[in-house]
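Reviewing the structure listed below.
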Amino acid sequence: GGVAPPEPPRIDVDPGTQARVDAMLSELGVTPGTTLVAMHPSARQAVRRWPLDRFAELAEAIGSLPDTRVLVMVDPDGYGETLRTTGALCVRASLAELPAYLRRCAAFVGNDSGPSHVAAAVGAVTVTVFGPGAMKWFRPYGAGHRIAFVDPMPCRPCFASCVRPP
C-alpha cells in the first residue's frame, strides 16, 4: 500500500532550439565524443551560493579528465564568467536554450536553484549544493541525483529571504 511517489518532471526541448544550441556547442569546439559537465554557480540569494573558488577548483579537476569539458551557465549579470580562467566554456543561455544545453550534458553541478531542476528534468545526473535551503523538499527528484550541503548551517531549513552575509 501507500501512495506511489510522483514521476520526476520532464522537459521536452524544441528541435529547432536544440539544433541552434548544438551548432553553438560545435563552434565552441565540442565534438560528439566530448563529455560535457555543466555548472551553474549562481543562485538568487548569495547565501545559497557555494563559493566561486570551489566551483573553480572543481572545474579544473573535471576539465582535466580526458575528452571532458566544463560548460558554465553564466547568469545574465555575468556571475560565473570568471570560471572561464579554468578552461571552462562559458555561455549565457536564454530560458529556452537552457534545457537544450543541459540536455547535452552528462552531469550538472549547481546550487539550490532552478537550473538544478531543469538539468534533472532533461536527464542529466545532478549534484546540488545546499546552503540553508530545505534539502528534503527542494532537491531535484528522480534517480541518480545527489545533494551536497554546507555544514554547519544553523539556520537550516530556511524559507525566508535571507539577509545573512554569505
Side-chain angles (χ1 to χ4, degrees), residues 8-15 17-131 133 135 138-151 166:
R10 289 277 166 235
I11 295 176
D12 292 322
V13 178
D14 170 71
T17 302
Q18 189 67 63
R20 273 194 324 277
V21 164
D22 289 346
M24 288 186 271
L25 287 170
S26 182
E27 288 175 20
L28 292 171
V30 175
T31 64
T34 304
T35 299
L36 284 175
V37 176
M39 288 187 175
H40 183 261
S42 192
R44 184 173 47 88
Q45 296 174 338
V47 72
R48 295 182 189 273
R49 293 178 185 162
W50 196 41
L52 204 50
D53 62 326
R54 302 279 175 84
F55 274 105
E57 289 176 36
L58 186 59
E60 287 174 353
I62 292 170
S64 72
L65 298 171
D67 302 316
T68 304
R69 298 294 307 266
V70 173
L71 180 67
V72 176
M73 303 289 121
V74 176
D75 262 9
D77 65 1
Y79 192 85
E81 186 75 41
T82 59
L83 293 177
R84 185 180 305 277
T85 63
T86 68
L89 304 171
C90 293
V91 297
R92 292 185 191 205
S94 69
L95 188 55
E97 294 168 341
L98 182 64
Y101 276 111
L102 295 174
R103 186 169 175 237
R104 292 298 183 231
C105 297
F108 171 90
V109 180
N111 294 305
D112 170 21
S113 64
S116 295
H117 298 280
V118 174
V122 297
V125 172
T126 66
V127 176
T128 304
V129 182
F130 276 82
M135 299 172 279
F138 297 117
R139 64 178 171 76
Y141 288 95
H145 307 299
R146 301 290 181 256
I147 58 171
F149 54 93
V150 177
D151 211 23

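Counting begins at 1 with the first residue of the sequence.
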Nearest non-hydrogen partners of [X] and [Y], listed with the distance:
X: Ala38; Y: Leu102; result: CB-CD2, 3.5 Å
X: Thr34; Y: Gly29; result: OG1-O, 4.5 Å
X: Tyr79; Y: Ser42; result: CD2-CB, 3.6 Å
X: Thr17; Y: Asp14; result: N-OD2, 2.9 Å
X: Ala88; Y: Val72; result: CB-CG2, 3.7 Å
X: Gln18; Y: Ala100; result: NE2-O, 3.1 Å

Exercise for review: Only counting residues at least two apart or in another chain, list the ones meeting side-chain hydrogen bond (donor to acceptor under 3.5 Å, both in side chains) with Arg104.
Suggested key: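 Expected list: Asp22.
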Point to revise | Worked verdict on Thr86 versus Val70 for side chain to side chain contact (heavy atoms under 4.5 Å, CB included) | key: CA-CA 9 Å; Thr86 68; Val70 173; 5.9 Å; no
Exercise for review: Can you spot which of Val118, Val122, Val91 makes a side chain to side chain contact (heavy atoms under 4.5 Å, CB included) with Tyr101?
Suggested key: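 With Tyr101 as partner, side chain to side chain contact (heavy atoms under 4.5 Å, CB included) holds for just one option, Val91.
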Review point. Can you name the one residue among Leu71, Val37, Thr126 that meets side chain to side chain contact (heavy atoms under 4.5 Å, CB included) with Cys105?
Key: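 With Cys105 as partner, Leu71, Val37, Thr126 yield a single side chain to side chain contact (heavy atoms under 4.5 Å, CB included), made by Leu71.
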**Study point:** Check: Leu65 and Thr35 side chains under 4.5 Å, non-hydrogen atoms
**Key:**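 They are not in side-chain contact.
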So how far is it from [X] [atom1] to [Y] [atom2], rounded to the nearest 0.5 Å?
X: Thr31; Y: Arg69; atom1: OG1; atom2: CZ; answer: 10.0 Å
X: Leu83; Y: His40; atom1: CG; atom2: NE2; answer: 11.0 Å
X: Arg20; Y: Leu25; atom1: CZ; atom2: CG; answer: 12.5 Å
X: Phe55; Y: Thr82; atom1: CZ; atom2: OG1; answer: 11.5 Å
X: Leu36; Y: Leu89; atom1: CG; atom2: CG; answer: 7.0 Å
X: Ile11; Y: Leu98; atom1: CD1; atom2: CG; answer: 8.0 Å

Check your understanding: Can you tell me if Thr68 uses its side chain to pair, donor with acceptor, with the backbone of Pro66 under 3.5 Å?
Key ->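 Yes: the side chain of Thr68 pairs with the backbone of Pro66.
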Check your understanding: Is there a donor-acceptor pair under 3.5 Å between the side chain of Arg103 and the backbone N or O of Ala124?
Key ->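 Looks like no, no N/O pair under 3.5 Å.
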Check your understanding: Around Asp53, counting heavy atoms of other residues, nucleotides and ligands shown, do more than 12 lie under 6.0 Å from its CG?
Key ->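 Atom CG in Asp53 is packed in, count exceeds 12.
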